[in-house]
Participant: 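Sending over a structure as structure tokens; questions will come in a sec.
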Amino acid sequence: MRLNTEHLSAGRQRAFALAAPALGFSAAPEGAVLTGGSRESGLALTRTETGWQLDAAGLTGFVRGLGLLAQHRDAAPGWVYEEQPWTRSLGVMVDCSRNAVPTPAALQRLFVRLALMGYDTVQLYTEDTYTIPEQPYFGYLRGAYTREELRALDDFAAALGIELVPCVQTLAHLAQPLRWQPFAPLWDCDDILLCEAPETEAFLEQMFAALADTFRSRKVNIGMDEAHMLGLGRYLDQHGYRDRPAILRRHLETVLKIARQQGFAPMMWSDMFFRLANGGEYYAADKPLDPAAAAVPEGLTLVYWDYYSEDGALYHKMMARHKELCPDLVFAGGAWKWTGFVPHNRFSLKLAELAADACRAEGVDQVLITCWGDNGAEASVFSVLPALSAWAERTWAGRAEEDWLDARFAACCGAPRARLLALDDPDMTPDNPAPGRQGVNPTKYLLYQDVLLGLADADDRPEQAADHFAACAARLGSLADEAGEWDGLLRAEAALCRLLARKAPLGRRLRAAWQAKDRAALAGLAAEIPEILELAEAFRQAYHAQWLAENKPFGLEAFDIRLGGVCARLRTAADRLESWLNGRCDTIPELDAALLPFAPRTNSPEPFSAVRWEQIAAPCALYGV
């Protein structure tokens with residue numbers, strides 16, 4: 001579609017130039033005239049006799065309006081459409097710290113899609129994946145963004161009406177830099193900084209100076225969540241036991257002082273205020289809070305994160321409890337991509353309905369949707385575009401009908417929504433139908449579990465899942481041939497499913513044949529292993545292609561080590577079987593061992609949740625001393 005944009009301001013012409021390729025638009029003098037206007041909030045789109053009038057508040061509304069224009073490009077003159085969002089801020093947090101560091105080019109692609117949906121904020125979650133000039137080991141070999149890369153991303157985002165906000169850690173979640181000897185003076189225990197140490201304060205000053213020199217925004221998310229062992233490591237050795245809420249409060253005052261010296265207005269995850277006041281419990285909406293433990297400094301914004309609650313009443317209670325502590329509140333929901341290679345968009349949508357309703361009812365008009373990448377960031381950030389699109393439609397249009405979501409997704413993301421929703425399907429096994437139970441991820445643990453040890457085989461029914469994975473492989477492979485920009489995601493998952501269809505039932509089949517001492521069956525299973533290794537190599541290649549199309553190469557080594565371990569153990573299984581079949585050993589103790597449930601809380605075999613590779617791959621130690 002050709003549009004004459006000469007009547008737009010320079011800023012809107014620049015935004016149009018960035019968004020137009022994704023919509024199939026081009027700017028041409030002979031095209032339909034596109035005129036603009038400003039309003040205080042929301043947008044209005046009108047089809048005129050000569051073209052289009054897009055009256056929108058700021059660049060955010062203007063770019064969303066372009067997506068709506070694309071959706072309704074065939075509207076007749078006189079057609080009018082208006083929207084008024086109930087949020088004053090709608091953002092996405094991209095995890096850039098769990099091995100996958102999206103390239104600047106990939107983030108630009110993402111920013112365009114988010115802007116078309118109507119997002120006005122992006123937070124980049126960077127534990128150590130940005131540079132601090134005085135700290136060469138900070139982000140060392142982790143793909144850390146340079147100041148120049150971040151400045152260019154900041155400019156690109158701003159041109160689309162998106163505020164790029166740094167999201168960092170100033171207390172815990174710093175395991176990667178704290179592993180290096182130069183950071184030893186800053187270490188308390190686990191992944192936590194040593195509070196009240198001069199070296200820590202100097203480091204924080206360097207951190208905020210680097211952020212101030214990079215980002216135009218003066219909002220900053222300072223993290224400070226999940227510091228469960230605060231004050232119980234070297235701090236305890238140096239100071240003896242001290243009141244832990246007081247330690248947090250003093251450290252927070254230091255962080256706020258340094259941040260405000262650089263002009264920042266901080267926000268932080270709220271859980272530590274609740275945990276320290278409630279014996280480690282976060283979702284304690286019905287418990288009275290110790291006023292001293294839960295005292296929130298004036299001017300600090302709290303971020304209430306909840307990615308799990310399936311009880312709508314809990315959101316209301318927690319929001320009300322937060323408002324008792326802090327009048328300025330952000331709600332952070334989740335676009336589930338942190339349990340393995342497969343996203344859980346449908347589960348995300350289930351929770352989005354509950355959370356969005358609570359936000360509207362409780363007057364919480366700042367919303368942030370998080371895209372975490374726990375334990376390796378194996379799923380692509382683009383895999384949760386359906387969940388992100390649905391949140392945008394709830395806030396801008398107040399709509400969640402399937403046909404509306406389908407049309408909006410196609411306009412903003414250039415593909416049918418069903419194609420990306422199909423990425424959910426591999427974890428939706430017959431025992432876990434859509435939208436799925438919380439965190440259930442058979443694709444991850446059936447991939448990484450050892451075929452001889454079978455840690456998941458007492459809980460799951462991998463032999464029944466084999467047909468499911470084969471069907472998913474066929475469907476995803478077919479969709480990949482049609483998906484264009486997203487075919488890499490579909491191809492990688494199709495390759496994973498082809499591998500799982502053969503590997504998932506192998507351990508159970510081995511154990512059954514071993515118990516029967518069926519030599520022919522065992523020999524046949526050993527002969528299948530080379531074919532499974534070929535499927536593993538095909539998956540490796542497809543996943544590499546997907547990763548390198550989106551992320552810097554740093555972090556890919558973790559995937560290679562994990563999948564390489566799977567392949568090595570498959571070869572070991574073949575060797576062990578051959579040795580027994582040829583009489584070189586009397587037994588295979590791994591197959592003699594009785595299996596216990598991995599998740600004994602379940603009453604019958606069923607899929608469960610197991611996110612951490614090191615707990616799935618082996619019962620023996622994979623780390624530590």
Participant: Would you please indicate yes or no on a ring centroid separation below 6.0 angstrom for W338 and Y307?
Facilitator: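 Yes, they do, as the ring centres are separated by less than 6.0 Å.
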Participant: Please determine which of L252, L230, D188, L232 meets the side-chain contact (heavy atoms from CB on, under 4.5 Å) test together with I247.
Facilitator: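 Going through the options one by one, the only one that passes is L230.
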Participant: Using distance alone, with no hydrogens and no angle criterion, decide if Q176 and D191 have a side-chain donor and acceptor under 3.5 Å apart.
Facilitator: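 No, D191 and Q176 have no side-chain donor paired with an acceptor closer than 3.5 Å.
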Participant: Distance alone, cut at 3.5 Å: any donor-acceptor contact between the side chains of S41 and Q84?
Facilitator: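 Yes, Q84 and S41 have a side-chain donor paired with an acceptor closer than 3.5 Å.
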Participant: Considering all heavy atoms of both residues, which atom of V101 and which atom of C96 are nearest to each other, and what is their separation?
Facilitator: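 Taking every non-hydrogen atom into account, CG2-O, 3.4 Å.
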Participant: To the closest 0.5 Å, what do you measure between CG (L211) and CD (Q262)?
Facilitator: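 Atom-to-atom, L211:CG and Q262:CD are 8.5 Å apart.
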Participant: Does the side chain of C412 reach to within under 4.5 Å of the side chain of R408, using non-hydrogen atoms?
Facilitator: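 Answer yes - side chains close enough.
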Participant: Would you be so kind as to tabulate the donor-acceptor pairs closer than 3.5 Å made by side chains of residues 360-367, with sequence neighbours excluded?
Facilitator:
unit_1, atom_1, unit_2, atom_2, d
E362, OE2, H316, ND1, 3.0
D365, OD1, R88, NE, 3.0
D365, OD2, R88, NE, 3.2
Q366, NE2, D328, OD1, 2.8
Q366, NE2, L329, O, 3.4

Participant: Do F203 and I132 come within less than 4.5 Å of each other through their side chains, counting heavy atoms only?
Facilitator: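 A side-chain contact under 4.5 Å exists here.
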Participant: One thing to verify: whether R437 and E310 come together as a salt bridge, which I'm taking to mean a side-chain N less than 4.0 angstrom from a carboxylate O.
Facilitator: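 No, this pair does not count.
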Participant: Could you grab the distance from atom CG of N278 to atom OH of Y283, nearest 0.5 Å is fine?
Facilitator: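 With rounding to 0.5 Å, CG (N278) is 13.5 Å from OH (Y283).
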Participant: Is D459 reaching over with its side chain to a backbone N or O of F598, donor-acceptor style, under 3.5 angstrom?
Facilitator: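 Yes; at least one donor-acceptor contact below 3.5 Å.
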Participant: Salt bridge (charged side-chain N to carboxylate O under 4.0 Å, His left out) between R399 and E353: does it pass, once the steps are laid out?
Facilitator: CA-CA 10 Å; R399 301 184 65 172; E353 179 179 3; over 6 Å; no
Participant: Would you say the side-chain atoms of D427 and H344 include a donor-acceptor pair closer than 3.5 Å?
Facilitator: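 Per modelled atom types, D427 and H344 side chains form a pair under 3.5 Å.
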Participant: I want to check something: taking the side chain as every heavy atom from C-beta on, are Y145 and K552 in contact at a cut-off of under 4.5 Å?
Facilitator: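 Yes, their side chains come closer than 4.5 Å.
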Participant: Parallel, tilted or perpendicular: which describes the rings of Y125 and W372, with under 30° parallel and over 60° perpendicular?
Facilitator: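 Perpendicular, since the angle between the ring planes exceeds 60°.
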Participant: Walk me through whether D225 and Q169 qualify under side chain to side chain donor-acceptor pair (under 3.5 Å).
Facilitator: CA-CA 8 Å; D225 59 313; Q169 287 290 358; 2.9 Å; yes
Participant: Between D128 and A144, which heavy-atom pair has the shortest distance, and what is it?
Facilitator: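 Minimum heavy-atom contact is O-CB, 3.9 Å.
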Participant: Please assess F382 against L489 for the test side chain to side chain contact (heavy atoms under 4.5 Å, CB included), listing each intermediate value before the final yes or no.
Facilitator: CA-CA 8 Å; F382 293 103; L489 305 181; 4.0 Å; yes
Participant: Do the ring planes of Y308 and W305 sit parallel (below 30°), tilted (30 to 60°) or perpendicular (above 60°)?
Facilitator: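 The arrangement is perpendicular - the two ring planes meet at more than 60°.
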Participant: So does D286 get a backbone contact from the side chain of K317, meaning a donor-acceptor N/O pair under 3.5 Å?
Facilitator: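 Judged by distance alone, no pair lies under 3.5 Å.
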Participant: Any side-chain heavy atom of C326 within less than 4.5 Å of one from L300?
Facilitator: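 No, every pair of side-chain atoms sits at 4.5 Å or beyond.
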Participant: Kindly say whether T60 contributes a backbone atom to a donor-acceptor pair with the side chain of D120 at under 3.5 angstrom?
Facilitator: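 Judged by distance alone, no pair lies under 3.5 Å.
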Participant: How about P177 and L174: do any of their side-chain heavy atoms sit closer than 4.5 Å?
Facilitator: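 SC-SC contact between P177 and L174 confirmed.
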Participant: Quick one, E226 with M272, criterion side chain to side chain contact (heavy atoms under 4.5 Å, CB included). Give me CA distance, side-chain angles, the key distance, then yes/no.
Facilitator: CA-CA 7 Å; E226 298 183 321; M272 288 304 294; 5.7 Å; no
Participant: Go through the steps for H322 and F274 under the test ring-ring contact (aromatic ring centres under 6.0 Å, His included), then give the verdict.
Facilitator: CA-CA 9 Å; H322 275 79; F274 286 81; 4.7 Å; yes
Participant: Taking atom types as modelled and ignoring hydrogens, do the side chains of Y282 and S270 form a donor-acceptor contact shorter than 3.5 angstrom?
Facilitator: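 Yes, because at least one side-chain N or O of Y282 sits under 3.5 Å from a partner of the opposite role on S270.
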Participant: Using a cut-off of 6.0 Å, state whether more than 12 heavy atoms not belonging to Y140 lie near its atom OH.
Facilitator: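 Check fails, neighbour count at 12 or below.
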Participant: Tell me if a side-chain donor or acceptor on N345 pairs with a main-chain N or O of S383 at a distance below 3.5 Å.
Facilitator: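 A pair under 3.5 Å: yes.
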Participant: So, R244 side chain and H228 main chain: donor-acceptor pair closer than 3.5 Å or not?
Facilitator: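 Checked: pair present.
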Participant: If we only count heavy atoms from C-beta on, is the T170 to L193 side-chain gap below 4.5 Å?
Facilitator: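 T170 vs L193: side chains apart.
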Participant: Less than 4.0 angstrom from a charged side-chain N to a carboxylate O is my criterion; do R216 and D155 meet it?
Facilitator: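 Yes, this pair counts.
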Participant: Given R109 and E550, is the salt bridge (charged side-chain N to carboxylate O under 4.0 Å, His left out) satisfied, shown in steps?
Facilitator: CA-CA 10 Å; R109 287 168 50 212; E550 300 175 13; 5.8 Å; no
Participant: Take a 6.0 Å sphere around CZ of F156 and say whether it holds more than 12 heavy atoms from other residues, nucleotides or ligands.
Facilitator: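 Yes, the 6.0 Å shell around CZ holds more than 12 heavy atoms from other groups.
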Participant: Is any side-chain heavy atom of Y304 closer than 4.5 Å to a side-chain heavy atom of D271?
Facilitator: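 SC-SC contact between Y304 and D271 ruled out.
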Participant: State, without any angle test, whether E163 and S217 hold a side-chain donor-acceptor pair at a distance under 3.5 Å.
Facilitator: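 Distance-only check passes for E163 and S217.
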Participant: Side chains of L150 and Y130: closer than 4.5 Å at any heavy-atom pair?
Facilitator: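 The answer is yes; the side chains approach within 4.5 Å.
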Participant: Any chance you could measure L423, atom CG, to R346, atom CZ, to the nearest 0.5 Å?
Facilitator: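 Between L423 CG and R346 CZ, I get 9.5 Å after rounding to 0.5 Å.
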Participant: Testing the basics here: between R260 and E298, what is the closest heavy-atom pair and its distance to 0.1 Å?
Facilitator: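 For R260 versus E298, the nearest heavy atoms are NH2-O, 3.0 Å.
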Participant: Distance from T131 atom OG1 to R142 atom CZ, nearest 0.5 Å?
Facilitator: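 One gets 14.0 Å once the value is rounded to the nearest 0.5 Å.
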Participant: Would you say that more than 12 heavy atoms from the other residues, nucleotides or ligands in this model lie under 6.0 Å from the CD of E401, or not?
Facilitator: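 Yes, the 6.0 Å shell around CD holds more than 12 heavy atoms from other groups.
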Participant: Does the salt bridge (charged side-chain N to carboxylate O under 4.0 Å, His left out) test come out yes or no for E253 and R250, once each step is laid out?
Facilitator: CA-CA 5 Å; E253 289 170 354; R250 288 192 296 270; over 6 Å; no
Participant: Should the pair F138 and F183 be assigned to parallel (<30°), tilted (30 to 60°) or perpendicular (>60°) ring geometry?
Facilitator: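 The rings of F138 and F183 sit tilted, inter-plane angle from 30° to 60°.
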Participant: Looking at every non-hydrogen atom in both residues, tell me the closest pair between L351 and S309 and how far apart they are.
Facilitator: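 Taking L351 first and S309 second, the nearest heavy atoms are CD2-O, 3.2 Å.
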Participant: Strictly distance-based, threshold 3.5 Å: is any side-chain N or O of T103 a donor or acceptor partner for the main-chain N or O of N551?
Facilitator: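 Flag not set: sc T103 to bb N551 has no pair under 3.5 Å.
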Participant: Parallel, tilted or perpendicular, judged at 30° and 60°: which one describes the rings of W391 and F331?
Facilitator: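 Geometry flag for F331 against W391: tilted rings.
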Participant: Can you tell me how far CZ of R98 sits from NZ of K337, rounded to the nearest 0.5 angstrom?
Facilitator: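 It is 9.5 Å, given to the nearest 0.5 Å.
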Participant: Just by modelled atom types, is the S97 backbone N or O under 3.5 Å from a matching donor or acceptor in the D95 side chain?
Facilitator: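 Looks like yes, one N/O pair under 3.5 Å.
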Participant: Decide, yes or no, whether a salt bridge links R151 with D213 under the criterion of side-chain N to carboxylate O below 4.0 Å.
Facilitator: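 Answer for the salt bridge query: yes.
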Participant: Using 0.5 Å steps for rounding, measure from the CH2 atom of W187 to the CZ atom of R179.
Facilitator: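 Taking CH2 in W187 and CZ in R179, the distance rounds to 14.0 Å.
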Participant: When you compare the side chains of Q135 and Q206, does any donor N or O come within less than 3.5 Å of an acceptor on the partner?
Facilitator: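 Checked: Q135/Q206 side chains pair up, N/O donor to acceptor below 3.5 Å.
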Participant: Are N221 and Q123 linked by a side-chain donor-acceptor pair shorter than 3.5 Å?
Facilitator: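 Looking only at side-chain atoms, Q123 and N221 do form a donor-acceptor pair, the distance falling under 3.5 Å.
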Participant: Donor-acceptor check, side chain of D424 to backbone of A434, threshold 3.5 angstrom: yes or no?
Facilitator: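 The answer is no, because no donor-acceptor pair under 3.5 Å joins these two groups.
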Participant: Using a 3.5 Å distance criterion without hydrogens, assess whether the side chain of T395 forms a donor-acceptor pair with backbone atoms of A392.
Facilitator: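 The answer is yes, because a donor-acceptor pair under 3.5 Å joins these two groups.
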Participant: Where the side chain of Y235 meets the backbone of G240, is there a donor-acceptor pair that is under 3.5 Å apart?
Facilitator: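 It does not hold such a pair.
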